[in-house]
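Since the structure comes first, as structure tokens, the remarks are kept for the end.
What you see is a predicted model, and the numbers here were worked out from it, not measured in a lab.
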Amino acid sequence: MSRSLGPPRRHNGKKRGLSTGVKGPRRSGGPPSIEGIADAVVRGADELLRVEDPLEAEAWASQVLGTFYKVNVPWEARELLERGVPQAIVAKAEQRADAAGLAALEALAAVGEDDLAGIARPAADRLRARGITAPAWVPELRSVVFEDAWMMLDVYGDHEAYFATYRYPGRKPHVVNALYDKAMGEIIKDGFVGYAPSDARARVDRQDGVAAVDCEPGAMARRVIDAIANGDLYLDNDWTPEFKRFRALILSRMRLLPKGRPPKTPRPPTQRQRKQIVTEFLSSQSGAAALDEADAIAELCLDYSCDYLGEEPFRWSPIVVEQFMLDYLPRKVSLSMAQVRQLPAVLREWVSFALTKRGLEERWITETEAAVDRWSRDFRRAVTDTEQFGLAKRLGNALLADGVDALDQASVQRWIDDFNARPQTERDSLLGKPPT
């Protein structure tokens with residue numbers, strides 16, 4: 001594929017469950033036939049005739065859709081599967097023209113997004129018009145009601161775990177859980193739908209480092225829906241198998257609620273305010289102040305938390321430390337050797353300063369400082385490994401090597417135009433092997 005410079009593009013409870021009849025595409029030998037996948041799923045729909053609980057039917061449909069979400073195949077094949085398989089299943093279910101086919105269509109219409117529900121529901125209506133009888137649980141699919149919601153927060157602010165309770169009239173309540181992860185790109189990375197202990201919130205209150213708080217349903221719905229949409233933009237991320245299995249069902253439940261207003265995004269500190277923060281840091285941390293690169297490293301910490309993470313200046317945690325040291329800096333930032341040597345020491349004092357400003361207890365500060373120590377050796381290895389560099393960092397290094405002033409826009413544009421005119425082999429040779 002040709003590499004040219006330009007804007008980046010994005011290609012864009014109960015443990016027991018029913019079997020979908022398929023295990024997902026195989027990596028070797030290319031993806032299986034979409035028709036074959038749909039056949040296997042619809043043959044497995046006989047299980048829906050033995051279901052008594054409508055939640056099991058919805059979980060079956062959600063698992064069917066989740067099987068083909070972000071599968072481990074090349075992205076072109078992945079997009080084909082994600083678009084084509086659900087439509088093929090609807091067509092095969094209608095062709096089956098019996099109670100099992102109708103059950104599959106009703107379950108898919110209940111949890112599918114508008115484009116899928118828009119073809120599954122009319123197909124189910126056509127089968128019903130032919131005299132085919134739906135299972136007894138089908139009318140209940142449209143009767144589920146919301147009861148309440150709460151959320152669990154961790155002490156560092158990395159995660160928000162939402163718990164929403166729903167009920168079919170006359171049945172016991174079930175819980176929808178979604179874990180919002182700020183550190184992994186503001187996505188929902190884990191979740192489940194099922195029957196949970198009635199004292200789940202009380203159990204959270206007894207845990208160390210977390211707190212259970214009330215949650216406004218509309219705000220929860222917007223957060224979860226928007227975060228799932230954000231995750232959809234990634235080619236790969238840290239989603240759990242459980243999230244993929246319940247993704248469609250989590251979304252369908254959140255869509256039952258009014259979508260609240262988006263949360264207000266705090267304004268990042270101005271450059272003047274950042275300089276004041278750095279000055280305060282250096283005056284309070286004598287060990288960092290003794291190092292000649294401390295102010296530059298502190299500025300990097302602020303840029304990362306305020307601009308890259310989009311957070312207030314002082315949200316640091318063991319997870320944030322790991323990502324800063326092993327991902328952000330190696331991929332995006334060119335450091336001098338003095339900065340590489342001094343960064344762990346300065347960062348250790350920075351997280352102490354930042355978390356003290358947030359009012360965290362000493363044990364959480366110590367835990368975060370320990371993360372700096374734990375990742376220091378890997379950081380030094382990663383930040384000097386050219387294969388870890390991102391394209392922008394490679395480009396910046398190439399510009400500097402050619403003597404181009406990065407602040408001279410005309411000179412930079414001439415260099416880019418020249419780069420784009422070169423043969424691909426020469427481009428690859430100049431920028432090196434892209435990171436995997």
Heavy-atom check, side chain of F146 versus side chain of R167, under 4.5 Å: no
Checking the side chain of E216 only, and the main-chain atoms of G218 only, is there a donor and an acceptor separated by less than 3.5 Å? yes
Measure across D190 and T240 and return the closest heavy-atom pair with its distance rounded to 0.1 Å. OD1-OG1, 2.7 Å
Examine Y69 together with W239 and report whether their ring centres are nearer than 6.0 Å. yes
All heavy atoms of I119 vs all of V90, minimum pair found to be O-CG1, 3.8 Å
Test item: R223 and P262 side chains (from C-beta on) under 4.5 Å apart, heavy atoms: no
4.5 Å side-chain heavy-atom contact, R255 and E113: yes
Residues G157 and K182: closest non-hydrogen pair is O-CD, 3.2 Å
Counting neighbours of NZ on K275 that are heavy atoms of other residues, nucleotides or ligands and sit closer than 6.0 Å, is the number greater than 12? no
Close aromatic pair by centroid cut-off 6.0 Å: F192 and F246: no
Validation row: V85, V41 side chains within 4.5 angstrom (heavy atoms): no
Go through the steps for E242 and R247 under the test salt bridge (Lys or Arg N to Asp or Glu O under 4.0 Å), then give the verdict. CA-CA 8 Å; E242 289 76 15; R247 174 184 174 276; over 6 Å; no
Here the pair of heavy atoms bringing M254 nearest to A164 is CE-CB, 4.4 Å
Contact check, side chains of L179 and I188, non-hydrogen atoms, under 4.5 Å: no
Before giving the answer on salt bridge (Lys or Arg N to Asp or Glu O under 4.0 Å), spell out for R374 and E322 the whole-Å C-alpha distance, their side-chain angles and the decisive distance to 0.1 Å. CA-CA 9 Å; R374 182 165 64 252; E322 179 184 358; over 6 Å; no
With a cut-off of under 6.0 Å to the ring centre and 45° to the axis, is K189 in cation-pi contact with F243? no
Any side-chain heavy atom of H174 within less than 4.5 Å of one from R253? yes
Please determine whether side chain to side chain donor-acceptor pair (under 3.5 Å) holds for the pair E293 and Q339, giving the CA-CA distance in whole Å, both sets of side-chain angles, and the decisive distance to 0.1 Å. CA-CA 6 Å; E293 296 292 339; Q339 289 169 340; 3.1 Å; yes
Within the structure provided, determine whether Y166 and V175 are in side-chain contact (heavy-atom separation under 4.5 Å). no
Is the backbone of R348 close enough, under 3.5 Å, to the side chain of S352 for a donor and an acceptor to pair up by distance? no
Only one of W150, Y180, Y162 passes side-chain contact (heavy atoms from CB on, under 4.5 Å) with M220; say which it is. Y162
Flag this pair as yes if the NZ/CZ of R201 is under 6.0 angstrom from the six-membered ring centre of F163 and inside a 45 degree cone about the axis; otherwise no. no
Consider only side-chain N and O atoms of Y168 and D53, and report whether a donor and an acceptor are under 3.5 Å apart. no
Please state whether the rings of W350 and F314 are parallel, tilted or perpendicular, taking 30° and 60° as the class boundaries. tilted
Taking atom CG of D307 as the centre, does the number of heavy atoms from other residues, nucleotides or ligands within less than 6.0 Å exceed 12? yes
Taking all non-hydrogen atoms of both residues, which atom of C301 and which atom of L347 are closest, and how far apart? SG-CD1, 3.8 Å
Taking the six-membered ring of Y156 as reference, does the NZ or CZ atom of R315 fall below 6.0 Å from its centre and within a 45° cone about the axis? no
Nearest heavy-atom neighbours spanning P269 and R274: O-NE, 3.0 Å
Can a donor-acceptor pair be found between the side chains of D292 and Q342 at a distance below 3.5 Å? yes
Compare all side-chain heavy atoms of D303 with those of Y308 and state whether any distance is below 4.5 angstrom. no
